[in-house]
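Notes for the one structure printed next.
Each chain gets a letter, A, B and so on, in the order the sequences are listed, and its residues count up from 1.
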Protein chains: 2
Amino acid sequence: MTEGWERRLRDHGFRITPQRQLVLEAVESLRHGTPEEILVEVQLTASGVNLSTIYRTLEVLEEVGLVTHAHIGHGPPTYHAVDEDTHIHLVCDRCGTVQSVSGTVAQDFVARLEAEYGFRTDISHVSVHGLCVTCKDRAYEAEADDQL
Amino acid sequence: MTEGWERRLRDHGFRITPQRQLVLEAVESLRHGTPEEILVEVQLTASGVNLSTIYRTLEVLEEVGLVTHAHIGHGPPTYHAVDEDTHIHLVCDRCGTVQSVSGTVAQDFVARLEAEYGFRTDISHVSVHGLCVTCKDRAYEAEADDQL
DNA sequence: GCGGGGCTGCGAATCATTCGCAGCAACCAA
DNA sequence: TTGGTTGCTGCGAATGATTCGCAGCCCCGC
């Protein structure tokens, strides 16, 4: 009985290796993870795995549709398993906090982009920048200062 | 008669320098530009300007609200003058093309994020990933192959 | 079980960005 | 206008993330 992930790899002409299994499991258990974080998780089981392998493996897993990545803020990308609930990251450009919200808030927006531009949005990949509630209030004060 | 950009810098305690003027002009004339591209543009006028200065200057200009930046795809960020019409980048993850569309398509989405989460979206900073019309069609074929 | 070619570990290379520092110059005051 | 004080810049090195080249290993079809 071939598991789904094995089939997906094979169907795209890739081999099944322990590293690929471990990386996929790490992504699933972390839910959010940068390559560096995934490396640490993988090394709990297999300490010999190299960071280059993490990068190459994530690329492969993404190509066959088992994981996706999103860019949050300026740092390295974070990877997710595709079966995660799709969500959107609200990134505060001032304090750097990241809030995950359900992808459903963007459904209308996504539909509109498809209708008007034929663009098929990968919603889980979107990250939205701006100011969180807290920092927004502080920004108002700064604007008030500007007026003086 | 002090020009607006000079006033903005002074009001935040920054000095007026030729480099800052040139970088701002370069951003305005390029409309979209990475630090590297801005350097080239600036060096048409002043060849001695250094890339470090471009980075530092962009940071300052952003802090005082004269420019903003957006992350498009995996490469370096691109900078825009703030008086540009706000727009959104639709980035195709397959072919890499970037399409700029009016920010108005996102107004409802932005309003909803503010209403539901108190999040103030910087719309010009959003970049939306997915598949463009052309690549979307090609993706359908690939999915069809998967079914076999 | 065997062989070929994909995969991995390792270290070096690359790319973007940041930092440290010494000299220069913008700006305030007299 | 003339100084003096900082802030700003150029330069080169450091850093951090990601990629590359290559030799050896091991997955997989026969």
Side-chain angles (χ1 to χ4, degrees), chain A residues 2-3 5-26 32-40 42-43 45-64 66-67 69-79 93 96, chain B residues 2-3 5-26 32-40 42-43 45-64 66-67 69-79 93 96:
Chain A
T2 305
E3 304 229 3
W5 64 274
E6 297 185 342
R7 182 167 201 295
R8 271 206 109 80
L9 282 170
R10 272 196 238 281
D11 287 353
H12 287 257
F14 294 106
R15 293 185 179 171
I16 310 303
T17 70
Q19 287 87 341
R20 286 174 180 166
Q21 176 181 355
L22 289 172
V23 169
L24 181 57
E25 287 172 357
H32 278 56
T34 63
E36 209 72 50
E37 290 164 348
I38 292 166
L39 174 67
V40 171
V42 166
Q43 288 185 333
T45 306
S47 61
V49 177
N50 193 276
L51 184 54
S52 315
T53 302
I54 303 292
Y55 278 101
R56 286 186 290 226
T57 301
L58 287 171
E59 194 180 330
V60 167
L61 294 178
E62 182 151 34
E63 183 178 337
V64 305
L66 289 168
V67 304
H69 75 274
H71 295 278
I72 300 181
H74 291 189
T78 65
Y79 285 81
D93 288 327
Chain B
T2 305
E3 304 228 5
W5 64 273
E6 297 185 340
R7 181 165 203 295
R8 272 207 108 81
L9 283 169
R10 271 196 239 280
D11 286 354
H12 286 258
F14 292 108
R15 294 183 180 172
I16 310 303
T17 69
Q19 287 87 341
R20 286 175 180 165
Q21 177 181 355
L22 289 171
V23 168
L24 182 56
E25 287 171 357
H32 279 57
T34 64
E36 209 70 53
E37 291 163 348
I38 292 166
L39 174 68
V40 171
V42 167
Q43 287 185 335
T45 305
S47 61
V49 176
N50 193 277
L51 183 55
S52 314
T53 301
I54 303 292
Y55 278 101
R56 286 185 291 225
T57 302
L58 288 170
E59 194 180 331
V60 167
L61 294 178
E62 182 152 33
E63 183 177 337
V64 304
L66 290 168
V67 305
H69 75 273
H71 296 276
I72 300 181
H74 291 190
T78 66
Y79 284 80
D93 288 327

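Heavy-atom nearest nucleotides on DNA chain C were determined for B/Pro77 and for B/Arg15, and the one closer to the 5' end corresponds to B/Pro77. The nearest heavy atom of DNA chain C to A/Val49 and to B/Phe14 marks one nucleotide each, and the one closer to the 5' end goes with A/Val49.
Of all heavy-atom pairs between B/Arg15 and B/Arg20, the closest is O-NH1, 2.8 Å. Heavy-atom minimum distance, A/Val49 versus A/Gln43: O-NE2, 3.0 Å. In this structure, A/His32 and A/Glu37 approach most closely via the heavy-atom pair O-OE1, 4.0 Å. Closest heavy-atom contact between B/Thr45 and B/Leu22: CG2-CD2, 3.9 Å. Closest non-hydrogen pair, A/Pro35 versus A/Pro77, comes out as CD-O, 3.5 Å.
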Given side chain to side chain contact (heavy atoms under 4.5 Å, CB included), test A/Val42 with A/Ile38 step by step and report yes or no.
CA-CA 6 Å; A/Val42 166; A/Ile38 292 166; 4.1 Å; yes
Check step by step if side chain to side chain contact (heavy atoms under 4.5 Å, CB included) holds for B/Trp5 and B/Ile16.
CA-CA 9 Å; B/Trp5 64 273; B/Ile16 310 303; 3.8 Å; yes
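Evaluation of the side-chain hydrogen bond (donor to acceptor under 3.5 Å, both in side chains) rule for A/Glu25 yields A/Gln21 as partners, not counting sequence neighbours. Partners of A/Glu62 under the side-chain hydrogen bond (donor to acceptor under 3.5 Å, both in side chains) rule, at least two apart in sequence or in another chain, are A/His69.
In this entry the distance linking CD of B/Glu63 with C1' of D/dG7 reads 14 Å, nearest Å. When rounded to the nearest whole Å, the span between CG of A/Leu9 and P of C/dT8 equals 10 Å. The distance from atom CD of B/Gln43 to atom C1' of D/dG10 is 12 Å, rounded to the nearest whole Å. The distance between atom CD of B/Glu36 and atom C1' of C/dA16, rounded to the nearest whole Å, is 8 Å. Atom NE2 in B/His71 sits about 15 Å away from atom P in C/dA16, given to the nearest Å. Taking atom CZ of residue A/Arg10 and atom C1' of nucleotide D/dC27, one finds them 9 Å apart after rounding to whole Å. Rounded to whole Å, the distance from CZ on A/Arg20 to P on C/dG9 is 11 Å. For the pair B/Tyr55 OH and D/dT9 C1', the interatomic distance rounds to 17 Å; values are reported in whole Å.
Within the 4.0 angstrom heavy-atom criterion, base atoms lie near A/Arg56. Residue-level contact check: B/Gly48 touches the backbone only, with heavy atoms under 4.0 Å from sugar-phosphate atoms and none from bases.
Summary of helix geometry: the two end axes of the helix from C/dG1-D/dC30 to C/dA30-D/dT1, each defined by five base pairs via their C1' atoms, are inclined to each other by 40° (rounded to 10°).
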Distance-only criterion, 3.5 Å: show the donor-acceptor pairs between side-chain atoms of residues 51-60 of chain B and protein atoms not counting sequence neighbours.
| from | atom 1 | to | atom 2 | distance (Å) |
| --- | --- | --- | --- | --- |
| B/Ser52 | OG | B/Asn50 | OD1 | 3.0 |
| B/Thr57 | OG1 | B/Thr53 | O | 2.6 |

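Between C/dA25 and B/Gln19, no contact under 4.0 Å exists linking OP1 or OP2 to a side-chain N or O. At the phosphate of C/dC7, neither OP1 nor OP2 sits under 4.0 Å from any side-chain N or O atom of A/Thr17. For A/Thr57, no side-chain nitrogen or oxygen approaches OP1 or OP2 of C/dC7 to under 4.0 Å.
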Protein-nucleotides 11-15 of chain C N/O pairs closer than 3.5 Å?
| from | atom 1 | to | atom 2 | distance (Å) |
| --- | --- | --- | --- | --- |
| C/dG11 | O6 | A/Ser52 | OG | 3.2 |

